[in-house]
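Here the structure comes first, spelled out in structure tokens, and everything after it is commentary.
Note on naming: letters A, B, ... go to the chains in the order of the sequence lines (proteins, then strands), and numbering restarts at 1 for each one.
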There are 2 protein chains.
Amino acid sequence: MTSEPDSALHADADRPSRREQILRAAAQLFAERGSRAVGVDDVGAAVGVTGPAIYRHFASKDAMLAEMLVRISERLLAGGAAQVAAAGDDAAAQLRALIAFQVDFALGNPALITVQDRDLGALSDADARRVRQLQRRYVEEWVAVLARLDPPATTATCRARAHAVFGLINSTPHSAGRLDRPAMADLLTRMAEAAARA
Amino acid sequence: MTSEPDSALHADADRPSRREQILRAAAQLFAERGSRAVGVDDVGAAVGVTGPAIYRHFASKDAMLAEMLVRISERLLAGGAAQVAAAGDDAAAQLRALIAFQVDFALGNPALITVQDRDLGALSDADARRVRQLQRRYVEEWVAVLARLDPPATTATCRARAHAVFGLINSTPHSAGRLDRPAMADLLTRMAEAAARA
DNA sequence: CGACCATGTGAACAGCCGTTAACCTCGGGC
DNA sequence: GCCCGAGGTTAACGGCTGTTCACATGGTCG
């Protein structure tokens, strides 16, 4: 499930493997219409192939979605941890780093953000558990930083704060387009920092 | 489509009409699993009837969803406009009123909030247009207030700000439970006000 | 050269689910 | 007392769609 010779070798190459093409196209379609409303034929057509060809690369449509969501969660968790580690011991700097990271991710991968919190429910119990665990660990990264910034606050409060900030930043996909990316990044960053301390 | 003798007469009575029961149960189920993953039989079972009985009250499953979303949008728009009107001429007070209103709505109707932005895509083009128009008018309510509070800001910026604040407040459903409602309301209100001006 | 594996195709299957049809029942007005 | 409409029920249809199957093809390696 975790080891894929393909993706390790040329995942983001100029000519990504069919597998990667499919995952990307599927993410886009899932974000637009919802995973349940997208047929296997649609995904195939998006990469110039018929529907059943998908099964040469994935065990099932659900497996596709599962891999997609697990990857996102892993990228977020790894990235978040890295940001905190790289920001030194200053909690304020850590928060800024986390926010910048999340803003960048959300603006750079609107489709993934959308799918992640819309289609989590479509996963099998086992897969959903796995994704939720990764998400929780990512949230804990934030909670730890927020707790250091506001010691008297309870953990529950910090968690709620973190979720609210996610909501703020991840709202991007719903309002995309009107502002160019740098301006949007700037605005979201300022808003998130203000909200995180309120 | 808009006139319903039933709902006008005893919509929120102690014993709501079957229609209302169905709409409520459906909202709950749709929020939990997504409208596409919920069967007509599930909705029926939730109110103690069989699936096809639904068709005595709604033309189709889609019509159910449509009515649900239109109603939410209308409630938000009407409520928002009322809040602004009642807050007098002070833009800051208007913003506070809008935030309090949205926070209250989100905490009081988490299922509706979830369904509204997850299942909009499942509507027919005509219905989707109608809902989006109502939503846009509600957003404009916010944009007008935000513009008065920060005159140099462009309309696009204000719109982005409004969407971000919605994201912040509406994140509630995803993090519900850990904090009791008054505490959550307080936290979200403070965060939203801080974010709206950043 | 020949065998093989990866990849793709079109056809067919199977199950789910929205919707309809035909039939029941009960409470209330002429 | 009878009729009728509102609201339910069960059974059945029909389409959509995930998945599988049998078969083609083309590059690669022995």
Side-chain angles (χ1 to χ4, degrees), chain A residues 3-11 13 15-27 29-30 32-69 115 119 121-124 127, chain B residues 3-11 13 15-27 29-30 32-69 115 119 121-124 127:
Chain A
S3 67
E4 293 135 32
D6 284 357
S7 83
L9 285 173
H10 46 280
R15 192 117 56 99
S17 72
R18 228 333 101 84
R19 241 184 100 87
E20 297 304 320
Q21 287 183 43
I22 292 173
L23 270 174
R24 263 178 237 197
L29 290 172
F30 288 1
E32 284 164 12
R33 302 183 227 162
S35 72
R36 220 129 182 154
V38 174
V40 159
D41 289 348
D42 298 328
V43 176
V47 298
V49 164
T50 58
I54 301 282
Y55 292 87
R56 297 295 171 191
H57 304 276
F58 296 93
S60 70
K61 194 186 155 190
D62 288 338
M64 240 176 67
L65 180 63
E67 180 167 337
M68 201 158 108
L69 294 195
V115 174
D119 289 292
L123 259 49
S124 74
D127 289 326
Chain B
S3 67
E4 292 135 31
D6 285 357
S7 82
L9 285 173
H10 46 277
R15 192 116 55 102
S17 72
R18 221 347 99 79
R19 245 184 95 87
E20 297 304 320
Q21 287 183 43
I22 292 173
L23 270 175
R24 263 178 238 196
L29 290 172
F30 287 2
E32 285 165 10
R33 301 182 228 163
S35 72
R36 228 138 174 145
V38 174
V40 165
D41 290 346
D42 298 326
V43 176
V47 298
V49 276
T50 58
I54 301 284
Y55 292 87
R56 297 293 169 191
H57 306 276
F58 296 92
S60 69
K61 193 186 156 191
D62 287 338
M64 241 177 66
L65 180 63
E67 180 167 338
M68 201 155 104
L69 294 194
V115 174
D119 289 289
L123 260 48
S124 75
D127 289 326

Indicate whether OP1 or OP2 belonging to C:dA6 is found under 4.0 Å from a side-chain N or O atom of A:Arg18. no

Base, sugar-phosphate or nothing for B:Val38? Non-hydrogen atoms, less than 4.0 Å. sugar-phosphate

For the pair made of CG in B:Asp41 and P in D:dT10, what is the distance, rounded to whole Å? 10 Å

What nucleotide among C:dT20, C:dA22, C:dT9 has an atom nearest to a side-chain atom of A:Arg56? C:dT9

Given D:dT20, C:dT20, C:dG8, which nucleotide is nearest the side-chain atoms of A:Tyr55? D:dT20

Grab the CZ-C1' distance between B:Phe58 and C:dG18 for me, whole Å please. 16 Å

Over all heavy atoms of both residues, which pair between B:Met64 and B:Ala26 is shortest? Give the atoms and the distance, please. CE-CB, 3.1 Å

CZ of B:Arg19 to CD1 of B:Ile54, rounded to nearest 0.5 Å, is 11.0 Å

Nearest-nucleotide pick for A:Val49, side chain only, options being C:dT9, D:dG8, C:dT19: C:dT9

Does A:Arg36 have a side-chain nitrogen or oxygen under 4.0 Å from the phosphate oxygens OP1 or OP2 of D:dG18? no

If you take all heavy atoms of B:Val43 and B:Val38, which pair is closest and at what distance? CG2-CG1, 3.8 Å

Between P on C:dT19 and NZ on B:Lys61, what's the gap in Å once rounded to a whole number? 8 Å

Distance, rounded to the nearest Å, where B:Asp42 contributes CG and C:dC16 contributes P: 13 Å

Could you tell me the separation between the CD atom of A:Gln21 and the C1' atom of C:dT7, rounded to a whole number of Å? 13 Å

Interatomic distance, A:Ile54 CD1 vs D:dT17 C1' [rounded to whole Å]: 13 Å

In Å and rounded to the nearest 0.5 Å, what is the CG to CE distance from B:Asp127 to B:Met68? 13.0 Å

Would you compute the distance between atom CD1 of A:Ile22 and atom CG of A:Leu29 and round it to the nearest 0.5 angstrom? 12.0 Å

Start at the 5' end of DNA chain D and walk down; is the nucleotide closest to B:Ala53 or to A:Ala37 reached first? B:Ala53

Starting at atom CG of A:Asp62, determine the distance to atom C1' of D:dT17, rounded to an integer number of angstrom. 13 Å

Short side-chain N/O contact to C:dA6 OP1/OP2 from A:His57, under 4.0 Å: no

Between C:dC17 (P) and B:Met64 (CE): distance, integer Å: 15 Å

Residue B:Ser60, side-chain atoms from C-beta onward, closest of D:dT19, C:dT19, C:dT9: C:dT19

Any side-chain N or O of A:Thr50 below 4.0 angstrom from OP1/OP2 of C:dG8? no

